[in-house]
There are 2 protein chains.
Amino acid sequence: MMQARKPIPVCEAVEKVMLHAQPGKIELVNFSDVGGRRLAEPLIATNQVPTFDKSPYDGFAFKASDTKDASKENPICFEVMERIGAGELPTITLESGQATRIMTGAMIPEGADCVAMLEVCKDFQENGKQYMEMKRRMEAGQNIMTAGSELDEGAILAEKGAYVNPGVEALLATFGYNEVKVAKKPLVAIIATGTELLDIDEPLQPGKIRNSNGYMVGAQAKRAGADCKYYGKLQDELESSYKMIEQAFHETDMVITTGGVSVGDFDLMPEIYKRLGAEVLFNKIGMRPGSVTTVAVKDGKFLFGLSGNPSACYVGFELFARPIIQKALFNNSCYHIKAKAVLKEDFPKPNPFTRFVRSNIEYGPDGLEVHLAGLDKSNAVSSLGNTNALMVLPGGTRGFKVGDLVQVLLLEETRGQAEFQI
Amino acid sequence: MMQARKPIPVCEAVEKVMLHAQPGKIELVNFSDVGGRRLAEPLIATNQVPTFDKSPYDGFAFKASDTKDASKENPICFEVMERIGAGELPTITLESGQATRIMTGAMIPEGADCVAMLEVCKDFQENGKQYMEMKRRMEAGQNIMTAGSELDEGAILAEKGAYVNPGVEALLATFGYNEVKVAKKPLVAIIATGTELLDIDEPLQPGKIRNSNGYMVGAQAKRAGADCKYYGKLQDELESSYKMIEQAFHETDMVITTGGVSVGDFDLMPEIYKRLGAEVLFNKIGMRPGSVTTVAVKDGKFLFGLSGNPSACYVGFELFARPIIQKALFNNSCYHIKAKAVLKEDFPKPNPFTRFVRSNIEYGPDGLEVHLAGLDKSNAVSSLGNTNALMVLPGGTRGFKVGDLVQVLLLEETRGQAEFQI
């Protein structure tokens, strides 16, 4: 069973995986379900904005030329012809000496070319008629939002692959996208392997632990924008494991297994890939944790064989499975954003290989700061709750000190970057 | 209808609102639904980790003292008594000269006090028995993860109010939290007011616009962790508006209206608060946009009267409604994280009042950078899709230039800060 595996550099591993990335499928969802999805086509303004000349203020509309001689000493008086609220239509074309009382958002009446704010006008009644008096000179066009001044019809407001945040929802509503074409969420099969695994609702037994990796990776897949189907946990037994994985492969868009990829007597994944006829892209990477991460492809579908160690599993998902999911969601900026941060704790361990340390970034007075999220052992689950970034320490370095500038990958951003750089 | 309103400073407005903040209710959810929720009690380790002495590697377990004379020239030979996979239990107590083949994660057998990695051992068969030979001296305790070495029983792994990210899910699974106490999502009533509003599926009509604010604020409320109930849109008519808002007030945990809070003839909200008997905390704030934002309270329940201008509405929600929702979710770090960023575009407008500019932060080579998200007019919806931060420009400043250091509030973080500072 002992195999000689040749580790490849992380960047090469990512590159090998991404060569097989596929765009996903499109589905039409009701507007009410669009939040948090990604657009399958650009969001285009279906009309100009505003669609009509409108008033940005409460006030009076009239001809600016009527006020050319207006001053404190020479107030100009207008007869108020009608009152228009937002959503109402003016019925009177204004002549010189006439004004229309107008509310914020209402349409400018024919004949008017400016709006004076309510605060600078004085209105009064006389002989059953409404009048308004003002003492300032107005310019033609003043306080008028002209049709199309904000947006042209056809303007692209969000790109294909854009994440639907509250602002994008507002735009979709504005332009009447009652149904929206979005990327279909890829369905990810989650399978944990290992005879030692108990279900979450089982009491502990000697020698056993509860399955946490499966649920963790499922949560990561959901954070990445996918749907999950849990296939439970597999005993370390070849026939039944093969059958379950084959079934999952056919029923879903990609299969993620945790455990069973190492070189132990019970690590069955290599044999399972072989039987499936899947091409193993690599089975060893020059990185810590997660060096035994394996990725295989068959018929354009991925099988991610993540380590059974919680942190290695976590890192393996974020580096290899997440960008594949993002690509399926039409997001070309499919990699985690890389940022520079100041290290706030010593990290004395040497790094023979590129190391990804579960970390916690904060926004300090002098910029981004990075703290170790907790215990840095590849089997430590306790540090993961606090993790919102991976600190990247290059291979061949001898440890880092407080104050050192390091690279971090940000795990909770909805945006990303188009290049994988570490 | 013209009222003299006295603007209060933003910080004072936030303070007034937060005096009425209430913790929320608790609900028990199945583990499968816990992602993205907030914990209603601390996450406590229900057992030590590991629960038993285990092997971190594939290899052989034996007594370290057997190797005290081991060297290249003097290999030590062990009889291999049994093979234990992860999840299996050892059956043999090892004596001197005996070893157990052990897999990663498996329990250390009685009598053994170290594990040699597979790679440094040589196994062979002789006369139907299994043997293993090694040439290195081992220390007692070497390569053994002792029970409790990672975590003590009772350790607090996440605080009350913590956001359930994939790492927290892993911890919940590890400790058997099949059901989890989380904060119940507050139910927010969303009501858009204005005769000019069309539904998303209606064709445009002269003088009218589609309701985008209601959906935008609903999406913001969901991003903040609430559930929404849409009560549709109201005509600018007092009786029917009052009835709908009163109904919403009784059916939900808080009411958010958009529009109708200004001083126009059709701005009905002031009258509605009066009829409801709600205490208006303020109705004018020294900020742009959103100066007419109104917040009222009755029986400990909030009514947020946001502006009808999209951007003013957006800012008003994030400053006043979001921290109230976060508090109801037991998150004491209920305010947006504040960070410093380098301005990447000129912003020449003077700021008589504190200004919140819809912005887009990026992680540049020299740290956080902030770009204007687009048009900065309070009625501009088109800039919102690109918004992930609010840039805070203090009142009394005369404009800002590329390269200036400014404060930003981050809108897409799951974490926050405990103090409102701008």
Side-chain angles (χ1 to χ4, degrees), chain A residues 31 35 47 51-52 56 58 85-89 103-105 107 150-151 157-158 166-171 173-174 176 178 194-196 200-201 204 206-208 210-212 215-216 219-220 222-223 236 262-266 310 337 339 363 367-368 375 379-382 384-385 387 412 414, chain B residues 31 35 47 51-52 56 58 85-89 103-105 107 150-151 157-158 166-171 173-174 176 178 194-196 200-201 204 206-208 210-212 215-216 219-220 222-223 236 262-266 310 337 339 363 367-368 375 379-382 384-385 387 412 414:
Chain A
F31 172 77
N47 52 256
T51 51
F52 51 91
D58 286 313
E88 295 177 352
L89 293 180
M103 255 49 75
T104 305
M107 185 186 278
E150 190 186 322
L151 271 182
L157 302 173
V168 172
E169 278 200 56
L171 291 168
T174 299
N178 194 32
T195 303
E196 76 276 25
I200 183 171
D201 56 353
L204 282 181
K208 301 208 170 193
R210 291 200 191 85
N211 169 20
S212 62
Y215 297 112
M216 180 183 73
Q220 289 176 280
K222 284 181 209 153
R223 178 168 70 184
D236 296 321
S262 196
V263 294
D265 295 5
F266 299 147
I337 289 174
Y363 298 86
L368 270 192
L375 276 175
N379 37 33
V381 79
S382 61
L384 289 173
T387 295
E412 296 189 343
T414 57
Chain B
F31 173 78
N47 52 257
T51 51
F52 51 90
D58 286 312
E88 296 177 351
L89 294 180
M103 255 49 76
T104 305
M107 185 185 280
E150 190 186 322
L151 271 183
L157 302 173
V168 172
E169 279 201 56
L171 291 169
T174 298
N178 193 32
T195 304
E196 76 277 23
I200 184 171
D201 55 353
L204 282 182
K208 301 209 169 194
R210 290 200 193 87
N211 170 20
S212 62
Y215 297 112
M216 179 183 74
Q220 288 176 280
K222 283 181 210 155
R223 178 168 70 184
D236 295 321
S262 196
V263 294
D265 295 6
F266 299 146
I337 290 174
Y363 298 85
L368 270 192
L375 277 174
N379 38 33
V381 78
S382 60
L384 289 173
T387 295
E412 296 189 342
T414 57

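In the text below, chain A, chain B and the rest are named by the order of the sequence lines, each starting its count at 1.
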Revision key, fill the gap. Heavy-atom nearest pair, B:A173 first then A:S212, reads CB-CA, 3.9 Å
**Study point:** Side-chain touch A:N47/B:R210, heavy atoms, less than 4.5 angstrom
**Key:** yes
Check your understanding: Under a 4.5 Å heavy-atom cut-off, does chain B meet the side chain of A:K222, its backbone, both or neither?
Key -> side chain
Point to revise | Partner chain A: residue of B:G105, B:P206, B:G194, B:G85 with the largest heavy-atom pair count (under 4.5 Å) | key: B:P206
Revision key, fill the gap. Sequence neighbours excluded, the answer for ring-ring contact (aromatic ring centres under 6.0 Å, His included) partners of A:F52 is none
Revision key, fill the gap. For B:E412, the salt bridge (charged side-chain N to carboxylate O under 4.0 Å, His left out) test, sequence neighbours excluded, returns B:R223
Practice item. Would you mind telling me which of B:E169, B:M107, B:K208 has the largest number of heavy-atom pairs within less than 4.5 Å of chain A? Key: B:K208
Study note, to complete from the structure: So, the part of A:F31 with a heavy atom under 4.5 Å from chain B: the answer is side chain
Exercise for review: Go through B:G35, B:P166, B:A158 and name the one with the most non-hydrogen pairs under 4.5 angstrom from chain A.
Suggested key: B:P166
Review point. Pick from A:D201, A:T104, A:I200: which one has the most heavy-atom pairs with chain B under 4.5 Å?
Key: A:I200
Practice item. Could you tell me which non-hydrogen atom of B:A170 sits nearest to which non-hydrogen atom of A:M216, and how far apart they are? Key: CB-CB, 3.6 Å
Check your understanding: For the atom pair CE (B:M103) and OG1 (A:T195), what is the distance rounded to the nearest 0.5 Å?
Key -> 10.0 Å
Check your understanding: Given that the side chain runs from C-beta out, which part of A:N211 has a heavy atom under 4.5 Å from chain B: side chain, backbone, both or neither?
Key -> backbone
Exercise for review: Please look at B:T51 and chain A and tell me whether the side chain, the backbone, both or neither of the residue comes under 4.5 angstrom of a heavy atom of that chain.
Suggested key: side chain
Check your understanding: Going by the angle between their ring planes, with limits at 30° and 60°, are A:Y363 and B:Y363 parallel, tilted or perpendicular?
Key -> tilted
